[in-house]
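Chain identifiers are assigned alphabetically (A, B, ...) following the order of the sequence lines, protein sequences preceding nucleic acid strands; residue numbering begins at 1 within each chain.
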Amino acid sequence: MTPAVATGERRRGSRILGSAAALAVVLFVVSIFIGASSASLADVIRDEGAARTIFVESRLPRSIAIVLAGASIAVAGAIMQALTQNRFVAPSTAGTTEAAILGVALVTVVSPASAVGYKMVVATVFALGGTLLFVWLIQRVRSRDIIVVPLIGIMLGAVMQSIAWFIALRFSFLQSLYAWLIGDFSGTIAGRYELLYVVGAAGVIAYVFADRFTLAGVGRDFSVNVGLNYDRTIVGGMVLVSIVAGITVVVVGTIPFWGLIVPNLASLLVGDNQRRLLPIVAAVGAAGLLAGDILARTIRYPAEVPVGTIIGVLGGLTFLYLLIRSRS
Amino acid sequence: MAATSGTPTGSPAPGSDPVLIDVEQPPGPASERSPNTVLLAVGLAYLVAVAVFMTYDIQGSLSFALELRAKKLLAMTLVGTGLATAAVLFHTMTGNRILTPVLIGLDSLYILIQSVSVAFFGALTFVSFDERIRFAVAVAIMVAFVLVLDAIFLRRAVTDLPLLVLGGIVLGGMFTSLAALVIRLIDPNEFLILEDLLFASFTLVNEELLVISGVVIAVGLALVARVRRTLDVIALGRPTAISLGADYDRVNRRLIVLIAVLVAVPTALVGPVTFLGLLASNATYELTRSFRHHVTVPISSLAAATLLIAAQFVLEELLDFATRPSIIVGFVGGIVFIVLVLREVR
Amino acid sequence: MSIEVRAVSKRYGDRVVLDVDELTIEPGGVTALIGPNGAGKSTLLSVAARLLEPDTGTVRIAGLDVRSAPSAEIARTVSVLRQDNRVAVRLTVRELVEFGRFPHSGGKLSLADRDVVETSIEAFDLGDRQHQRLDELSGGERQRAFIAAVLAQSTDYVLLDEPLNNLDLQQADRTTRQIRRLADDFDKTVVIVLHDVNIAAHHADRLVALRDGRVALDGPPDEVITTDGLRVLYDLPLPVTVIDGRPVALHFLRHGRNGAES
């Protein structure tokens, strides 16, 4: 790559980052002022009726939660794709999500009354276990095949899901498991989302180590050649990913394809240098999920559709489009 | 240069390898088993399974119990045959033995169809509909879906199977998330009925549907038998098959329809049994070390039926109906799959 | 009865990868397609082998239009071997050679078919290897098995795409001799894509050199492999000498002791 091109890419990267971030801010503001009960800015300032309470207890937490989840799930996907050198690997195609679900299903049976925080720890530990199992498997397989690698993850996920389903069927909570799985922010109020800040922190840490992930993504030989501790980087990256997956699954449920689509879109735009890619992934992830949630709240106003469903359908279509485009 | 890379479809996607995985195997046993021996062994296993299943611990009316069990056996045999044959054909078509047709989203589509129907009509109304109509509609929708998928993906570039598979996985994800929404809206009491529809069950199978499914699957098998030699050539891969005069692209387009029918009929009959076909066909490849369809189709069909019968038996007698056979098959199947890939690609 | 390429073109997006106006290959002998990477030689072979649809033009082999004639009929006239001869399924050498009879037998071998299989296996000394699986063989042996299968297909025309890729010196030497035998002993018309100009010059009767999708040079080896000819193809000044009556490009001398690179 000639320096001129590199500079051009960098400039393009900053421009894209700027527009995505601006879009996220605008959507954030819109998101705060949409809802079943009216709460205009003036009302909030004058503290009329329940306006300020609604604002502080419900609207703001919801929008913040969306930004944190949207950005960090997308970042987690990007890290996984870099570390496995495969565009189609994400928490949902690596067994990570299903492992977290299995953890939650187990907790539900073993100690149903446990606190949300406890559930999250269990989900995160399971997510980490599932992810490391996946990494171990694909390293043993040594296949770089674009299909085989995610397929292993999908199968691993299927095994864990069948255990979770077994438990849920046995103890008759399959329907609530299904319901709780769909990503949804309608229940997000102050006091029930704050753990997502941990997820946000994981995203920031990921950015700090971005260069290492880029390097590890080039390959083991090259990483070792430049003195990077390859294994530690892989495990570290996967721990970050698992924290994100475990916590978001418990707090908001699953957002289908999010860890796949956003990084793929972003990498189409700016390439695979993680330091340049991750901020854009985060901004696009936040903006996209805000937009999805706004749509989810307005499409059948005043009733809500879970954002997970909206993303599941629109995201799926986007991904199909990307797939077809990448091949033609 | 694109043409030397072996993909006639133009520049491949970045980082994509051909889906072929190296078939480097640990050296096989010194004396290879002949396919006939395997056929005999698997056939015997099937007969033993049938005998045990029919006679074990009968209480009450003998004729009633026998009839009920015979119906279950027939259903399991049909489902095993359909899914195993579909899996073998899919492997032939894709040149990859770890793919399974359910990966292209058919199971999720079935779950979506059932959930939407229950939500729309109400569980009791829906269940009271003529079973034949419910069956036909489910089959029709699943087959139509595969045709659409084929039109979107295969027409663009005849050999772009990775795209078809990934596209199917994505569509499956879309169906699942829609189904999840519908399930969330359903009344918990209605969900109990839906639950029965979502997980394969052999306990209550409509006799007439059994006959219809039997006929369809038999016709499918007859077609496969007729073109089995061409299928052997197709399995050699596109360039070789074309060089040998097989009309690779046209045969594959017809195969996908046949595969769709062979998956849709068992699924609509009893519900999804993910991984059964994958499990049985791969066990067959391991045992026979053959890819000839006159070997693999009958053996894997028998193996699949035997596995199902065993799972059902374990379920009824040991687990006291604690779960569904498809969950047992899914659990075992997934693990076996992973072990298989580990051995295969190493 | 010959291979006739007429106005064949193929493009990917804006890039024209093949644009051959007219090329005729008469029966008999070995014709090598040479040229730099991206010149279109494999594309041309793929089009002739009906593995790839051209955007325009026709290829006729022994009077059969490869785009419209029944595939099975073409398979009795021309056989194709690609560089990547991995198969996804496990099969033995003998099974592979038997598949060579598929265009004639439909998969059901007659006694006559079995004879041909036997002859083909013997012709390439594969008798003691015939029950081994392809994935247990070395690259050279596997290539030999595929060439035996091509022989068993009993076609007048044989198209080979870089059959020497991934073979070591000895294997490549053996394979080229076998290919030569297809033409000399079995009267086949062989068209072969090669990237090594010296191997092409040594073994082929005629060289067709492509550049940018067009036929740049065409003729017997000593007319094509000249310093001027190679400059046209590779933009490099390469000295050429003659060994055993065949031209040899001394490409490794480009950075010669004189250091005289233009």
Side-chain angles (χ1 to χ4, degrees), chain B residues 1-11 18-28 32 91-99 157-159 227-251 285-286 288-294 296, chain C residues 10 12-13 15 17-18 36-47 49-53 70-76 78-91 95-96 99-108 133-136 146 149-150 153 159 161-162 165 193 195:
Chain B
M1 164 170 176
T4 48
S5 71
T7 34
T9 50
S11 52
V19 249
L20 285 183
I21 44 181
D22 272 317
V23 276
E24 267 174 44
Q25 275 286 314
E32 307 236 312
H91 298 154
T92 297
M93 181 178 158
T94 55
N96 187 328
R97 53 182 270 201
I98 64 172
L99 296 176
V158 278
T159 51
V227 297
R228 63 186 185 279
R229 297 197 176 90
T230 308
L231 292 175
D232 291 348
V233 173
I234 297 289
L236 299 176
R238 188 171 186 268
T240 311
I242 291 182
S243 175
L244 291 173
D247 202 338
Y248 185 87
D249 300 332
R250 215 190 50 184
V251 172
Y285 305 142
E286 287 296 314
T288 61
R289 304 198 163 258
S290 170
F291 68 97
R292 305 291 185 114
H293 291 77
H294 69 269
T296 53
Chain C
K10 179 81 190 171
Y12 293 118
R15 205 162 62 92
V17 290
L18 188 64
N37 285 345
K41 44 194 196 302
S42 283
T43 308
L44 176 57
L45 197 90
S46 296
V47 168
R50 76 202 178 291
L51 294 169
L52 186 64
E53 280 267 304
S71 191
E73 197 178 342
I74 300 173
R76 291 190 286 272
V78 56
S79 52
V80 188
L81 181 54
R82 305 257 299 188
Q83 56 172 324
D84 180 18
N85 56 20
R86 280 186 312 171
V87 251
V89 295
R90 302 188 185 101
L91 74 177
E95 283 180 303
L96 178 73
F99 271 116
R101 293 305 295 164
F102 182 79
H104 307 273
S105 68
K108 215 166 155 183
R133 286 219 314 269
L134 290 175
D135 48 318
E136 299 165 354
F146 270 91
V150 161
Q153 203 173 332
L159 309 179
D161 188 359
E162 306 244 23
N165 273 12
V193 170
H195 66 264

Between atom CG of Leu244(B) and atom CD of Gln153(C), what is the distance when rounded to the nearest 0.5 Å? 5.0 Å
First locate atom CG of Leu51(C), then atom OG of Ser243(B), and finally report the distance between them rounded to the nearest 0.5 Å. 7.5 Å
Begin from the C-alpha positions of Leu81(C) and Thr240(B) and carry the test side chain to side chain contact (heavy atoms under 4.5 Å, CB included) through to its verdict. CA-CA 7 Å; Leu81(C) 181 54; Thr240(B) 311; over 6 Å; no
Proximity breakdown for Val78(C) and chain B, heavy-atom pairs closer than 4.5 Å: backbone
Okay, Glu95(C) and chain B: the region with an atom under 4.5 Å from a heavy atom over there is both
When you measure from the side chain of Arg50(C) to the backbone of Ile242(B), do you find a donor-acceptor pair of N or O atoms at a distance under 3.5 Å? yes
Begin from the C-alpha positions of Phe102(C) and Asp232(B) and carry the test side chain to side chain contact (heavy atoms under 4.5 Å, CB included) through to its verdict. CA-CA 10 Å; Phe102(C) 182 79; Asp232(B) 291 348; over 6 Å; no
Turns out that what part of Arg292(B) lies under 4.5 Å from chain C's heavy atoms comes down to side chain
Is Ser290(B) in contact with chain C via its backbone, its side chain, both, or neither, using a 4.5 Å heavy-atom distance? neither
For chain B, which candidate among Gly106(C), Ala49(C), Ser105(C), Pro70(C) shows the most heavy-atom pairs at distances under 4.5 Å? Gly106(C)
